[in-house]
Each structure stands twice: as structure tokens, then as C-alpha cells.
Number of protein chains: 2
Amino acid sequence: MTQQTPMDMMKCCPIDNTFKIIGKKFTVHIIRNMAMHGQTRFNQMLDSIEDSNPKTLSARLKEMEKAGLIARNVYDETPIRIEYKLTKKGKDLQGLLDQMATFSMKHYSKEVFKDGKQHNYKQVFKKPVTVLN
Amino acid sequence: MTQQTPMDMMKCCPIDNTFKIIGKKFTVHIIRNMAMHGQTRFNQMLDSIEDSNPKTLSARLKEMEKAGLIARNVYDETPIRIEYKLTKKGKDLQGLLDQMATFSMKHYSKEVFKDGKQHNYKQVFKKPVTVLN
DNA sequence: TTACTTACTTCCATATGGTAAGTTACAATT
DNA sequence: AATTGTAACTTACCATATGGAAGTAAGTAA
């Protein structure tokens with residue numbers, strides 16, 4: 001009887017696939033700001049995402065909407081208001097963000113924390129690391 | 001008594017910091033091939049990483065060595081042999097890779113799996129998702 | 001002497017990203 | 001009536017990053 005390896009059942013690599021979705025500049029920053037700071041608007045993100053610029057932010061938001069990570073809602077007020085919100089799929093990237101945070105908190109505590117000491121995720125965020133299974 | 005928020009204790013964002021380390025093209029692919037396929041050599045990776053090219057692969061390996069994710073060992077044989085191996089720090093990215101895999105397995109089963117059906121991480125990899133806390 | 005191997009580097013073209021300024025559609029202010 | 005303000009972008013132009021093909025170095029084998 002032959003053994004079934006992961007490679008045998010896969011058409012493409014899920015890690016490569018995820019990288020194509022979230023690997024471009026600002027994508028994870030956008031998700032972070034929406035998930036952790038409740039941001040919904042273009043200029044909020046532009047002002048708070050490290051080294052962001054309107055051209056690239058605009059491109060990323062479009063790609064993310066197309067990929068189904070966020071939804072774009074237009075409110076016809078004056079001035080116009082547009083709200084971006086995470087979809088269920090976008091929210092499912094929380095575990096990935098948590099692992100990104102955890103890695104730097106463990107290996108770069110000098111750069112990350114003002115006191116330069118190690119702190120674990122739960123201590124800092126008051127909730128356990130999210131895991132998607 | 002004032003409440004301590006994550007922002008208050010941080011000097012820089014750990015998600016941004018991690019993205020700077022693993023966000024460039026091929027970095028996660030290199031770690032994946034080393035961790036999951038036991039690869040150690042330049043040409044092995046060049047042949048198996050999707051759309052890789054020697055110039056960018058070479059640049060990435062140097063950056064990763066500098067960042068302490070991998071170690072480079074030269075064996076003075078003929079022809080010369082060079083081995084790249086994950087450091088402890090590099091191995092600590094496993095939880096992140098697992099979350100990347102899990103996300104696509106959940107949301108892109110049609111693209112990822114030959115049978116187009118959903119499968120969970122443990123089923124496919126015969127071990128639970130790794131989590132760094 | 002030519003060919004082969006590994007692990008790259010170099011050159012040049014294309015793709016992506018960044019800066020600053022401009023645009024649209026109103027409404028409020030002067 | 002003309003100017004100012006606001007949000008959310010877009011455009012033009014330049015800089016940097018990435019990709020593909022070919023070349024290099026050092027040694028063994030044919």
C-alpha cells in the first residue's frame with residue numbers, strides 16, 4: 001500500500017498561494033490596522049501605516065477587495081465617505097498576524113519593546129494567540 | 001490607575017518587523033524547502049522554488065544569513081559544496097508557515113488540492129499546527 | 001583539450017514602488 | 001461669485017527591485 005504524502009494530494013503549494021495574497025507591501029499592515037485598530041478609511045490608514053503612500057495603498061485595497069479579503073462600501077455623504085471592512089476570509093488571517101507578532105516579540109524584543117525585555121503574546125494582547133486549523 | 005495598552009509598551013510594530021524579515025520574494029519559500037523538504041543547497045532550491053532565479057535567490061540567502069535565519073557552511077570538496085541550514089530562529093518561523101498553509105487550505109481548496117475538497121492541516125501533514133507563543 | 005559540476009555574478013530589460021501634485025464632487029466660507 | 005476645505009483617489013515622472021540569459025571560478029573527469 002502506497003503512502004499518501006502532502007505533495008501527492010496538492011495541485012499547488014498553499015504557502016506559495018498565501019504569499020501571493022498577502023506578500024505585497026502594506027497588505028498585512030492594512031489587515032492589522034483594520035483588525036487591531038478598527039480602522040476603516042483610506043486616509044486613516046495612509047496616516048498610520050508605516051511609510052505608506054496613496055498610490056500603493058490604493059492599489060493594495062483594490063487587490064484585496066478583488067481577493068475577497070475586504071469589502072468596500074460607499075456612503076454618499078459630503079464629503080464622500082468610503083468604508084473598508086474585513087470579510088470573514090480577511091479575519092481568518094488573524095492567526096497569521098499573531099504568529100508574525102509572536103515571532104518578533106520573541107526574537108526582537110530589544111527592537112520591539114520600550115523596556116527591551118521579552119513579553120509573550122497573551123501578556124501583551126490580553127488574549128491567546130489565534131490559530132486557524 | 002492607567003491601563004497599559006500594547007501600543008504603550010512598543011517601540012515598533014512586531015508585525016511590521018516580521019514582514020521586513022520575511023516579506024521579500026522567496027524568503028518563505030526557502031524556509032519552506034529547508035523545513036519541509038530538508039533542502040540545503042543552492043541548486044536544489046533554484047530548481048524547486050516556483051519561478052526562482054539565481055540572482056534573487058542568491059540575494060535572499062545572503063540577507064537571511066545576515067538576519068540569522070540560516071547558517072552557511074562551505075565544504076571544500078570537488079566540486080565545492082555549500083550547505084544552508086535553518087538556525088533556531090529560522091525554525092521558529094514554522095508556526096507562521098503553518099498558518100500560511102492553513103489559510104490557503106481553508107479558503108482555496110479548489111486551487112490547492114487535486115480533489116478540490118477541504119482538508120485540514122493535521123490530516124495532510126500528520127502533525128498538529130505549530131504555534132509559537 | 002574539452003566538458004562537466006556547483007555556486008554563484010554580471011548585464012540589461014522590465015516591473016513595481018515612491019513623491020508630489022492634480023482631480024472630482026460637493027458644501028461651507030469670504 | 002470665487003475661494004477654501006475635505007475625502008478619496010489618480011496621474012506623471014523618477015527610482016529601486018526583480019527577472020532572464022549568459023558568463024565566471026575552481027577543480028575533476030574524459
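Because the structure is predicted, anything quoted here is derived from the model rather than measured. Just so it is clear: chains get the letters A, B, ... in the order the sequence lines come, proteins before strands, and each one is counted from 1.
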Engineer: Could you work out how much the helix from C:dT1-D:dA30 to C:dT30-D:dA1 bends, comparing the axis of its first five pairs with that of its last five, to 10°?
Structural biologist: 30°

Engineer: Please encode protein proximity along nucleotides 3-18 of chain D as a string of B, S and -, counting only heavy-atom distances under 4.0 Å.
Structural biologist: ---BSBBBBBB----B

Engineer: Rounded to whole angstroms, how far apart are CD1 on B:I49 and P on C:dA7?
Structural biologist: 14 Å

Engineer: Ignoring hydrogens and angles, tell me if any N or O in the side chain of B:T40 forms a donor-acceptor pair with the backbone of B:E83 under 3.5 Å.
Structural biologist: no

Engineer: Quick one: list whatever passes side chain to side chain donor-acceptor pair (under 3.5 Å) with A:Q39, sequence neighbours left out.
Structural biologist: A:N33, A:S48

Engineer: Taking salt bridge (charged side-chain N to carboxylate O under 4.0 Å, His left out) as the cut-off, I'd like each qualifying pair that reaches into residues 34-58 of chain B, sequence neighbours left out, listed once.
Structural biologist: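 Only B:R32-B:E50 qualify under salt bridge (charged side-chain N to carboxylate O under 4.0 Å, His left out).
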
Engineer: Could you give the CG-to-P distance, from B:D47 to D:dG20, as a whole number of Å?
Structural biologist: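 One finds 14 Å between P of D:dG20 and CG of B:D47, rounded.
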
Engineer: Could you pull out all residues at least two apart from B:E65 that satisfy salt bridge (charged side-chain N to carboxylate O under 4.0 Å, His left out)?
Structural biologist: none

Engineer: What is the distance from CG of B:L57 to P of C:dT9, rounded to the nearest Å?
Structural biologist: 11 Å

Engineer: Between side-chain atoms of residues 20-28 of chain A and protein atoms elsewhere (two or more places apart, or another chain), which donor-acceptor pairs fall under 3.5 Å?
Structural biologist:
from  : atom 1 : to    : atom 2 : distance (Å)
A:K20 : NZ     : A:D16 : OD2    : 2.8
A:T27 : OG1    : A:K24 : O      : 3.3

Engineer: What ring pair (Phe, Tyr, Trp, His ring centres under 6.0 Å) pairs are there with at least one residue in residues 89-120 of chain B, not counting sequence neighbours?
Structural biologist: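 Qualifying pairs: B:F103-B:H107, B:F113-B:H119.
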
Engineer: Could you check how far CD of B:E50 sits from C1' of D:dG19, rounded to whole Å?
Structural biologist: 16 Å

Engineer: Which residue pairs satisfy the salt bridge (charged side-chain N to carboxylate O under 4.0 Å, His left out) criterion with at least one member in residues 99-113 of chain A, sequence neighbours excluded?
Structural biologist: A:K106-B:D92

Engineer: With sequence neighbours left out, write down each residue that passes side chain to side chain contact (heavy atoms under 4.5 Å, CB included) with A:P79, or none if nothing qualifies.
Structural biologist: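 Per chain and number, A:P79 pairs via side chain to side chain contact (heavy atoms under 4.5 Å, CB included) with no residue.
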
